[in-house]
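A short write-up of the structure that comes next.
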Amino acid sequence: QVQLVESGGGLVQAGGSLRLSCAASGRTFSSYSMGWFRQAPGKEREFVTAIRWSGGPTYYVDSVKGRFTISRDNGKNTVYLQMNSLKPEDTAVYYCAATTAAFGLSRAGAYGYWGQGTQVTVSS
């Protein structure tokens with residue numbers, strides 16, 4: 001039983017940085033693996049990164065590896081996505097998701113809880 005709300009999106013110039021937050025409500029947050037997905041106009045929702053309830057290991061899609069970092073603070077019931085060196089192709093609605101699974105975290109179907117999304121727009 002988890003409710004998720006994303007924040008921190010906005011408009012940024014290419015090469016800039018943003019930090020997204022996903023605030024969770026519920027008494028069992030620390031038992032969930034957490035993921036970030038994104039969906040650009042005309043494209044399918046794609047996996048970005050995920051982190052297990054233990055805080056590690058982490059997983060990243062190749063296109064963001066080295067630029068994005070996922071982290072979580074179970075004491076604050078919050079998951080973060082630090083995005084550096086942003087590119088126009090990163091423009092999308094970013095969604096936070098939660099699952100009780102520990103494997104298959106790159107699949108959207110593994111997640112039972114989703115936030116409403118936050119828009120990230122990167123200008124060239």
Side-chain angles (χ1 to χ4, degrees):
Q1 185 82 333
V2 177
Q3 295 175 323
L4 307 172
V5 179
E6 303 96 334
S7 63
L11 176 64
V12 64
Q13 191 172 356
S17 299
L18 284 174
R19 188 178 75 159
L20 306 184
S21 297
C22 175
S25 62
R27 290 182 284 273
T28 59
F29 172 77
S30 62
S31 68
Y32 287 83
S33 298
M34 305 295 297
W36 286 96
F37 290 74
R38 65 187 182 185
Q39 187 166 21
K43 296 185 178 181
E44 296 182 351
R45 188 169 299 185
E46 69 168 345
F47 169 78
V48 178
T49 181
I51 186 170
R52 290 175 176 170
W53 61 84
S54 63
T58 55
Y59 311 90
Y60 298 90
V61 68
D62 287 345
S63 60
V64 309
K65 193 171 184 178
R67 300 188 297 120
F68 290 11
T69 303
I70 187 172
S71 62
R72 68 188 297 164
D73 186 336
N74 289 344
K76 296 181 178 179
N77 286 355
T78 302
V79 177
Y80 304 97
L81 180 62
Q82 179 66 48
M83 305 185 295
N84 298 326
S85 302
L86 283 162
K87 305 175 181 179
E89 51 262 45
D90 295 318
T91 295
V93 176
Y94 283 71
Y95 297 91
C96 179
T99 178
T100 58
F103 302 97
L105 299 180
S106 65
R107 298 184 298 105
Y111 297 82
Y113 302 94
W114 294 84
Q116 295 297 308
T118 185
Q119 177 70 49
V120 172
T121 303
V122 184
S123 62
S124 60

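When reading the values below, keep in mind they use all heavy atoms of this one structure, side chains included, and skip hydrogens, waters and symmetry mates.
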| task | Starting at CZ of Phe103, measure out to OG of Ser33 and round the result to the nearest 0.5 Å. | result | 9.0 Å
| Heavy-atom distance under 4.5 Å between the side chains of Trp114 and Cys96, does that happen here? | no
| task | Evaluate the side-chain proximity of Phe68 to Leu86: yes if any heavy-atom separation is below 4.5 Å, no if none is. | result | yes
| task | Find out whether Val12 and Met83 are in side-chain contact, i.e. whether some heavy atom of one side chain is under 4.5 Å from a heavy atom of the other. | result | no
| field | Beyond-backbone contact of Leu105 with Arg52, side-chain heavy atoms, under 4.5 angstrom | value | yes
| query | Is there side-chain contact between Tyr111 and Phe37, with heavy atoms separated by less than 4.5 Å? | reply | yes
| said: Quick one about Glu6 and Thr118 (side-chain donor to acceptor, distance below 3.5 Å, no hydrogens or angles considered), yes or no? | reply: no
| query | Is it true that a side-chain atom of Ser124 and a backbone atom of Pro88 form a donor plus acceptor pair closer than 3.5 Å? | reply | no
| So do Val120 and Tyr94 actually touch side chain to side chain, heavy atoms under 4.5 Å? | yes
| To the nearest 0.5 Å, what is the distance between CH2 (Trp36) and CZ (Phe47)? | 12.5 Å
| Could you walk me through whether Thr91 and Arg38 pass the side-chain contact (heavy atoms from CB on, under 4.5 Å) check? | CA-CA 9 Å; Thr91 295; Arg38 65 187 182 185; over 6 Å; no
| note | Thr78 and Ala23 have their tightest heavy-atom pair at OG1-CA, 4.3 Å
| remark: CE of Met34 to CG of Asn74, rounded to nearest 0.5 Å, is 9.5 Å
| message | Is there a path of hydrophobic side-chain contacts, each under 4.5 Å between heavy atoms of I/L/V/M/F/W/Y residues, joining Tyr59 to Trp53? | response | no
| field | Smallest separation among heavy atoms of Leu18 and Gly8, with atom names | value | CD2-O, 3.9 Å
| request: Give a yes or no on whether the backbone of Ala97 and the side-chain of Tyr32 come within a donor-acceptor separation of less than 3.5 Å. | output: no
| Gap separating the OG1 atom of Thr49 from the CD atom of Gln82, nearest 0.5 angstrom | 12.5 Å
| task | With the side chain counted from C-beta on, respond yes when Asp90 and Arg67 share a heavy-atom pair under 4.5 Å apart, and no when they do not. | result | yes
| field | Closest non-hydrogen atom pair between Ala98 and Leu4, with its separation | value | N-CD1, 3.8 Å
| query | If you group Ile, Leu, Val, Met, Phe, Trp and Tyr by side-chain heavy-atom gaps below 4.5 Å, do Val61 and Tyr80 land in one group? | reply | no
| task | First locate atom CD of Gln13, then atom OG1 of Thr121, and finally report the distance between them rounded to the nearest 0.5 Å. | result | 13.5 Å
| said: Counting only heavy atoms not in Gln3 (residues, nucleotides, ligands), do more than 12 fall under 6.0 Å from its CD? | reply: no
